[in-house]
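The structure under discussion appears below in the form of structure tokens.
Remember, it's 1-based here, ligands and their atoms both numbered in the order they're listed. Since this is a predicted model, take the numbers as computed values, not measurements.
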Amino acid sequence: MICLGIESTAHTFGAGIVTNKGEVLSNQRSMYTTASGGIHPMKATKHHLLLCDKIINSALEEAKLKLSDLDLIAFSQGPGLGQTLRVGAVSARTLSKLLNVPLLGVNHCVAHIEIGKHKTKLKDPITLYVSGANTQIIAYAGNKYRVFGETLDIGVGKFLDTIGRFMGTGFPGGPAIENLAAKGKKYIELPYSIKGMDFSFAGIQTKVRQLIESEAYSNNDLAFSTQETVFAMLTEATERAIAHIGKNEVLLTGGVAANKRLTRMLETMCKSRKVKFEVCPRELSGDQGAMIAWQGIVEYSAGKRQKISDTEINGKWRTDQVEVNWIK
Ligand code: ATP
Ligand code: FE2
């Protein structure tokens with residue numbers, strides 16, 4: 001079985017083609033970026049509308065396949081921005097009708113976890129899912145992916161993007177902050193905001209903004225201190241989850257999983273607890289279509305079917321609301 005997966009929850013329009021063995025035949029994407037300022041939903045939607053057919057065609061070309069070779073179409077049904085989600089949903093419905101193949105809407109967050117499990121061979125991990133819009137500690141328990149800890153306000157990626165904007169780096173700010181932080185030396189004390197296994201970033205964001213505006217510190221030192229503080233919070237919450245849930249594997253995924261400092265902190269903590277730690281391969285940890293295609297295959301193989309009328313997008317679809325039919 002060959003599945004085309006379409007991703008359009010936010011800044012990225014992606015099309016990936018995956019086989020039922022989990023082999024990624026292609027993974028094409030285009031990300032809406034800006035030189036300064038944050039992501040604008042209308043502009044991201046326009047970007048997706050202009051590029052969607054081109055990206056899908058490139059995915060077919062890369063996989064050396066024709067449209068008629070596709071057996072299943074999967075798309076991100078949520079969570080995300082309503083306007084951008086609709087571009088993917090409409091493309092997917094059109095292709096499914098045109099080719100007369102089944103259509104499945106899948107949950108974007110769960111897709112991040114399943115592709116990570118598949119590629120790292122972890123069986124039942126605690127997942128630290130760190131992206132722009134989402135920051136959650138997730139584990140499977142009682143037929144659902146339960147959220148054991150999460151951000152009480154913004155996602156850590158969005159937080160880094162906003163700090164980047166204050167520093168004038170453009171979008172996305174996460175990689176830029178990582179580069180600045182590598183040149184930072186001095187630790188400037190920042191609020192440390194963790195409540196049980198939950199955490200919040202808004203207060204730290206305000207504090208860093210004040211410090212940037214005070215011009216008393218270099219951006220390098222502020223980026224360094226920001227990373228040290230928020231990544232320590234995430235590591236501490238993950239460690240607490242390990243102690244509480246009692247699983248012996250940790251998976252790191254989402255766009256922020258590309259960050260080397262965060263990876264190192266988690267690695268050190270897991271080693272000391274004798275817990276296996278894996279990071280989702282970088283090309284599959286950010287937003288892209290291959291994870292959506294794989295999720296489509298996983299759910300279709302387990303028997304999930306959807307009518308077109310069930311494929312309305314859900315911008316607020318939470319990880320713990322997903323009916324998990326594929327884990328026995
Ligand atoms: P989701 O819809 O799952 O919330 P997303 O739309 O935010 O995902 P992703 O590609 O998963 O998309 O993550 C993008 C985020 O990852 C951005 O906020 C970006 O700044 C951040 N990011 C990317 N690379 C790095 C890095 N090296 N260090 C820190 N953050 C990074
Ligand atoms: Fe994502």
Side-chain angles (χ1 to χ4, degrees), residues 5-14 16 27 29-34 37-39 41 44 47-48 75-85 88 106-116 127-136 138 145 147 150-151 154-167 169-182 201 205 223-224 226-231 234 252-266 279-292 294-295 313-319:
I6 296 177
E7 161 58 30
S8 71
T9 51
H11 46 67
T12 296
F13 189 91
N27 206 8
R29 67 186 115 173
S30 173
M31 185 178 176
Y32 160 78
T33 57
T34 66
I39 176 170
H47 163 270
H48 295 0
F75 72 99
S76 275
Q77 201 171 349
L81 304 171
Q83 297 175 55
T84 60
L85 277 168
V106 302
N107 181 283
H108 173 96
C109 309
V110 167
H112 270 297
I113 302 175
E114 289 299 333
I115 193 81
T127 301
L128 176 61
Y129 164 39
V130 278
S131 64
N134 297 284
T135 301
Q136 295 181 325
I138 306 161
Y145 274 118
V147 178
E150 66 186 317
T151 176
I154 49 175
V156 66
K158 172 99 192 293
F159 161 82
L160 293 170
D161 293 337
T162 309
I163 300 287
R165 203 167 78 214
F166 297 154
M167 291 182 179
T169 67
F171 177 83
I177 300 272
E178 180 168 23
N179 289 336
L180 293 173
F201 302 104
Q205 186 176 295
F224 169 72
T226 299
Q227 282 205 160
E228 292 303 303
T229 306
V230 298
F231 294 164
L234 293 172
L252 175 64
T253 194
V256 186
N259 190 288
K260 292 197 187 59
R261 181 61 183 136
L262 175 61
T263 306
R264 224 171 32 243
M265 276 195 197
L266 287 161
V279 187
C280 182
R282 194 179 176 149
E283 68 279 10
L284 295 169
S285 67
D287 287 357
Q288 27 75 39
M291 69 176 188
I292 303 303
W294 176 239
Q295 189 61 29
I313 56 145
N314 181 355
K316 297 205 181 318
W317 193 12
R318 280 180 59 86
T319 308

Partner of H112 under side chain to side chain donor-acceptor pair (under 3.5 Å), picked from T319, D287, T127, is D287

Contacting atoms of ligand 1, where contact means under 4.0 angstrom from a heavy atom of [X]:
| X | answer |
| --- | --- |
| G286 | 10 (O), 11 (O) |
| P172 | 19 (C), 20 (O) |
| E178 | 26 (C), 27 (N), 28 (N) |
| D161 | 17 (C), 18 (O), 19 (C), 20 (O) |
| T9 | 2 (O) |
| G157 | 18 (O) |
| L160 | 29 (C), 30 (N) |
| A133 | 4 (O), 7 (O) |

Mind checking the [atom1]-[atom2] spacing from [X] to [Y]? Nearest 0.5 Å is all I need.
| X | Y | atom1 | atom2 | answer |
| --- | --- | --- | --- | --- |
| R264 | L266 | CZ | CG | 11.5 Å |
| T169 | D161 | OG1 | CG | 7.5 Å |
| T12 | H48 | OG1 | NE2 | 6.5 Å |

Just to confirm my output: which protein heavy-atom neighbour is closest to [atom], and how far is it?
| atom | result |
| --- | --- |
| atom 15 (C) of ligand 1 | G132 N, 3.8 Å |
| atom 5 (P) of ligand 1 | D287 OD2, 3.2 Å |
| atom 4 (O) of ligand 1 | S131 OG, 2.5 Å |
| atom 28 (N) of ligand 1 | N259 ND2, 3.0 Å |
| atom 30 (N) of ligand 1 | G174 CA, 3.4 Å |
| atom 3 (O) of ligand 1 | Y129 OH, 2.3 Å |

Please find the pair of heavy atoms, one from [X] and one from [Y], that lie closest to each other, and give the distance.
| X | Y | result |
| --- | --- | --- |
| T9 | E7 | OG1-OE2, 2.5 Å |
| T33 | P172 | CG2-CD, 4.3 Å |
| A258 | E178 | O-OE1, 4.0 Å |
| Q205 | F166 | CG-CE1, 4.0 Å |

Does only the side chain of P175 get under 4.0 Å from ligand 1, or the backbone, or both, or neither? Count heavy atoms. both

Going by heavy atoms, is G80 under 4.0 Å from ligand 1? no

Are H112 and ligand 1 in contact, using a heavy-atom cut-off of under 4.0 Å? yes

Do S30 and H47 make a side-chain contact, defined as non-hydrogen atoms from C-beta onward lying under 4.5 Å apart? yes

Judged on heavy-atom distance to [atom], which of [options] sits nearest?
| atom | options | answer |
| --- | --- | --- |
| atom 13 (O) of ligand 1 | G255, G14, G173, A111 | G255 |
| atom 21 (C) of ligand 1 | T162, V230, I163, V256 | V256 |
| atom 2 (O) of ligand 1 | Q136, R261, H108 | H108 |

The single option from L234, T135, L262, T263 that satisfies side-chain contact (heavy atoms from CB on, under 4.5 Å) with V256 is L262

Under 3.5 Å between some N or O of ligand 1 and some N or O of A10? no

Please report the C-alpha distance between N107 and R318 in whole Å, then the side-chain angles of each, then the deciding distance to 0.1 Å, and finally whether the side chain to side chain contact (heavy atoms under 4.5 Å, CB included) criterion is met. CA-CA 8 Å; N107 181 283; R318 280 180 59 86; over 6 Å; no

What is the name of the N/O/S atom of D287 that is nearest to the Fe ion (ligand 2)? OD1

NE2 (H108) to the Fe ion (ligand 2) to NE2 (H112): angle, nearest 10 degrees? 90°

